[in-house]
Amino acid sequence: MNSKEYCDQVESQDILHKKLEKKFFIKDNGSPLVSLKDTGIHLIYEPSIIKGYKYMVREELVEKIERISNHLEQNDKTLVIRSSWRSFEHQRLLWELTVFGMQKKYPNKKVKEINEIVSYYIAPEKKSTHSTGGAIDALIYDKKKDQVLNFGTNNGYKIDLNKKCYPYHPAISQEAKENRKLLIDLFENEDFVCDMKEYWHFDYGNVGWAIEKGKDHAIYDIIIPIIF
């Protein structure tokens, strides 16, 4: 399968998923949000655009993340948490900052075109699975090389948003493919699913996860606490 065929397949699947999500049944199991920073797990936290960001996840995810972390630590690597639960305000700010960045990168593109590009990778504030506490964005840091692994579209924490971010894009280096496989396998072994368009994004318990796993309902709904 060439790059165009692969991307077309991903985008078709994504459209189907979005249609299913609209009426998908959710029965929240009540698992509370906890801060990963309070768990004692050895993790690296990518600096957030939100001051005082707590990197919160559903409590049920903590043991899964700990096992992933332990596996990496045994191999001189550390799990990098880029983002987890986000408030609507956080998601909206992320959208706005990404649009601003794209406008600087593509000054000749119209606003509509920029918004379309951003929508491939950043969900609207009330549509993101991050608001459920069941989504995690992650990378891997290599202690021996003293750097974040090469995943094909990143320079350290900074990720260039383009179609090569699709997890199994054929037109990336062998090194990047192997690093993506390592990251994806670790999360999939803990019953997460990898997002179809973002190799760093993993879901558990929410609608995206339930559809991909063939479940009859999701177990995590949107959480809107008083704080963010």
Side-chain angles (χ1 to χ4, degrees), residues 10 13-41 43 45-46 48 50 53-72 79-92 94-95 119 121-139 166-168 183-228:
V10 168
Q13 290 175 332
D14 187 57
I15 290 170
L16 177 60
H17 268 234
K18 284 182 168 57
K19 289 179 180 177
L20 293 172
E21 287 172 4
K22 292 178 181 178
K23 296 183 178 181
F24 203 81
F25 182 62
I26 304 170
K27 185 179 179 181
D28 197 295
N29 70 3
S31 179
L33 285 175
V34 296
S35 172
L36 285 171
K37 288 193 164 186
D38 294 334
T39 63
I41 303 171
L43 301 166
Y45 297 96
E46 180 178 332
S48 174
I50 297 294
Y53 187 58
K54 297 181 182 298
Y55 301 87
M56 292 192 290
V57 298
R58 296 279 188 149
E59 190 174 46
E60 294 174 330
L61 271 58
V62 173
E63 289 186 358
K64 296 174 179 292
I65 294 168
E66 184 172 28
R67 285 191 291 267
I68 293 170
S69 172
N70 289 343
H71 178 90
L72 287 170
L79 184 65
V80 177
I81 303 296
R82 306 189 65 230
S83 188
S84 50
W85 177 82
R86 296 179 194 147
S87 66
F88 289 163
E89 293 84 358
H90 187 165
Q91 190 69 21
R92 181 169 63 249
L94 182 61
W95 174 280
S119 70
Y121 311 99
I122 309 292
E125 60 191 74
K126 295 186 179 180
K127 299 291 185 182
S128 172
T129 56
H130 279 281
S131 65
T132 68
I136 296 173
D137 290 347
L139 296 171
Y166 297 1
Y168 301 102
L183 180 65
I184 292 169
D185 284 354
L186 284 168
F187 275 88
E188 287 187 344
N189 287 342
E190 291 294 340
D191 205 29
F192 286 85
V193 296
C194 183
D195 185 86
M196 287 183 285
K197 290 184 174 180
E198 301 175 347
Y199 58 80
W200 60 87
H201 177 112
F202 301 92
D203 286 302
Y204 179 86
N206 52 43
V207 168
W209 168 85
I211 291 172
E212 190 67 20
K213 288 285 186 176
K215 306 286 186 181
D216 59 7
H217 71 280
I219 57 174
Y220 296 163
D221 203 349
I222 290 170
I223 293 182
I224 310 176
I226 296 172
I227 59 170
F228 64 89

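For reference, positions follow the sequence shown, starting with 1.
In this structure, CD1 in I219 is found 11.5 Å from NZ in K27, a value given to the nearest 0.5 Å. In this structure, L36 CG and L43 CG are separated by 6.0 Å, a value rounded to the nearest 0.5 Å. Going from atom NZ of K18 over to atom CG of D14 covers 3.5 Å, rounded to the nearest 0.5 Å. Summarising the geometry, atom CD1 belonging to I15 is positioned 10.0 Å from atom CE belonging to M196; distances are rounded to the nearest 0.5 Å. Note that CG of L139 and CD of E46 are 6.5 Å apart. Values are rounded to the nearest 0.5 Å. Distance check, rounded to the nearest 0.5 Å: CD1 of I184 to OH of Y199 gives 10.0 Å.
When side chains are defined from C-beta on, I81 does not count as touching K37, because their heavy atoms never get closer than 4.5 Å. Proximity of L186 to F202: side-chain heavy atoms (C-beta onward) are nowhere separated by under 4.5 Å. Side-chain contact check for N29 versus E60: some heavy-atom pair is nearer than 4.5 Å. Residues D191 and Y204 form a side-chain contact, since some pair of their non-hydrogen atoms from C-beta on lies under 4.5 Å apart. Counting heavy atoms from C-beta outward, F88 and S128 have side chains that stay 4.5 Å or more apart. At a threshold of 4.5 Å between non-hydrogen side-chain atoms, the residues C194 and F187 do not count as touching.
Residues passing the salt bridge (Lys or Arg N to Asp or Glu O under 4.0 Å) test with K127: none are found, sequence neighbours excluded. Remark: E190 engages R67 in a salt bridge (Lys or Arg N to Asp or Glu O under 4.0 Å) (not counting sequence neighbours). Residues meeting the side chain to side chain donor-acceptor pair (under 3.5 Å) test with D137, sequence neighbours left out: R86, H130, H201.
Under the 3.5 Å distance criterion, the side-chain polar atoms of W209 are left unmatched by any main-chain donor or acceptor of K215. The main-chain N or O of I223 is found under 3.5 Å from a side-chain atom of W85 such that the two form a donor-acceptor pair. Checked by atom type and distance alone, the side chain of S84 never pairs as donor or acceptor with a backbone atom of I136 at under 3.5 Å. No donor-acceptor distance shorter than 3.5 angstrom exists from the side chain of E21 to the backbone of V207, with no hydrogens or angles considered.
Heavy-atom minimum distance, L61 versus Y220: CD1-OH, 3.5 Å. The minimum heavy-atom distance linking E59 with S31 is given by the pair N-OG, 3.3 Å. A135 and N206 make their closest contact through N-ND2, 4.1 Å (heavy atoms, listed as atom of the first residue, atom of the second, distance).
No salt bridge links D203 with K213; every basic N to acidic carboxylate O contact stays at or beyond 4.0 Å.
Ring orientation note: the planes of Y55 and Y45 are tilted relative to one another, at an angle of 30° to 60°.
Residue E188 qualifies as enclosed at atom CD: its count of foreign heavy atoms under 6.0 Å is above 12.
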